[in-house]
Amino acid sequence: MSTDICIRFGQRIKQLRTQKKTSQMALCHKIGIEQKYLSSVENGHVEPCLRNIELLAKGLKIPLSELFREL
């Protein structure tokens with residue numbers, strides 16, 4: 001558990017996105033965020049705000065709580 005929460009959260013987003021066979025570009029287009037931002041989130045360089053976390057869950061069509069599972 002020594003890995004930073006932002007890195008673990010970003011890895012979780014990427015894992016869920018790839019399981020859904022969705023590209024970064026497709027997800028970004030669906031929820032209205034920039035691809036550079038999503039890339040930064042997935043790489044743990046950016047700490048997303050609550051609104052964007054909610055958008056990510058909706059864009060991936062999963063419950064919000066699913067984003068935090070296994071963190």
Side-chain angles (χ1 to χ4, degrees):
M1 280 281 194
S2 63
T3 308
D4 183 82
I5 185 73
C6 291
I7 293 171
R8 294 192 319 265
F9 183 78
Q11 290 169 341
R12 181 71 176 148
I13 295 293
K14 185 174 183 177
Q15 174 190 39
L16 292 165
R17 181 180 57 74
T18 55
Q19 284 176 358
K20 299 260 182 192
K21 295 182 171 54
T22 302
S23 69
Q24 280 187 347
M25 188 66 85
L27 180 57
C28 290
H29 180 72
K30 182 188 265 187
I31 64 175
I33 63 171
E34 297 289 327
Q35 184 180 6
K36 184 175 180 177
Y37 175 77
L38 178 57
S39 178
S40 293
V41 169
E42 287 186 355
N43 288 311
H45 300 300
V46 170
E47 185 175 328
C49 70
L50 289 173
R51 282 194 178 103
N52 288 338
I53 291 171
E54 182 180 40
L55 284 174
L56 288 165
K58 286 181 179 180
L60 293 168
K61 296 180 180 174
I62 58 172
L64 191 58
S65 61
E66 186 67 26
L67 294 178
F68 297 97
R69 188 171 300 206
E70 301 173 20
L71 287 184

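Checked by atom type and distance alone, the side chain of Ser23 pairs as donor or acceptor with a backbone atom of Ala26 at under 3.5 Å. Of the possible polar contacts, none joining the Asn43 side chain to the His45 backbone as a donor-acceptor pair under 3.5 Å is found. A donor-acceptor contact shorter than 3.5 Å is absent between the side chain of Ser39 and the backbone of Gln35.
In this structure, Leu64 CG and Leu55 CG are separated by 10.5 Å, a value rounded to the nearest 0.5 Å. Between Gln11 atom CD and Glu42 atom CD the span is 10.5 Å, to the nearest 0.5 Å. Here the straight-line distance linking atom CG of Leu16 with atom CG of Leu60 works out to 6.0 Å at 0.5 Å rounding.
Summarising the geometry of Phe9 relative to Pro48, their closest heavy-atom pair is CE2-CG, 3.7 Å, with the distance given to 0.1 Å. The heavy-atom pair separating Leu67 from Ile53 by the smallest distance is CD1-O, 3.4 Å.
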(message) Test side-chain contact (heavy atoms from CB on, under 4.5 Å) on Leu56 and Leu27; report intermediate values, then the result.
(response) CA-CA 8 Å; Leu56 288 165; Leu27 180 57; 4.0 Å; yes
(request) Please test Ile62 against Lys20 for side-chain contact (heavy atoms from CB on, under 4.5 Å), starting from the C-alpha separation and ending with a verdict. (result) CA-CA 10 Å; Ile62 58 172; Lys20 299 260 182 192; 3.7 Å; yes
(message) Using side-chain contact (heavy atoms from CB on, under 4.5 Å), reason through Ile31 and Lys58 one step at a time and then give a plain yes or no.
(response) CA-CA 8 Å; Ile31 64 175; Lys58 286 181 179 180; 5.6 Å; no
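Heavy atoms from other residues, nucleotides or ligands lying under 6.0 Å from CD of Glu34 number 12 at most.
For the 3.5 Å distance criterion, the side chains of Gln15 and Arg12 qualify, holding a donor opposite an acceptor.
By the side-chain hydrogen bond (donor to acceptor under 3.5 Å, both in side chains) test, Glu47 pairs with no residue at all, sequence neighbours left out.
The pair Glu54-Arg51 fails the salt-bridge criterion, with no side-chain N (NZ, NE, NH1 or NH2) lying under 4.0 Å from an Asp/Glu carboxylate O.
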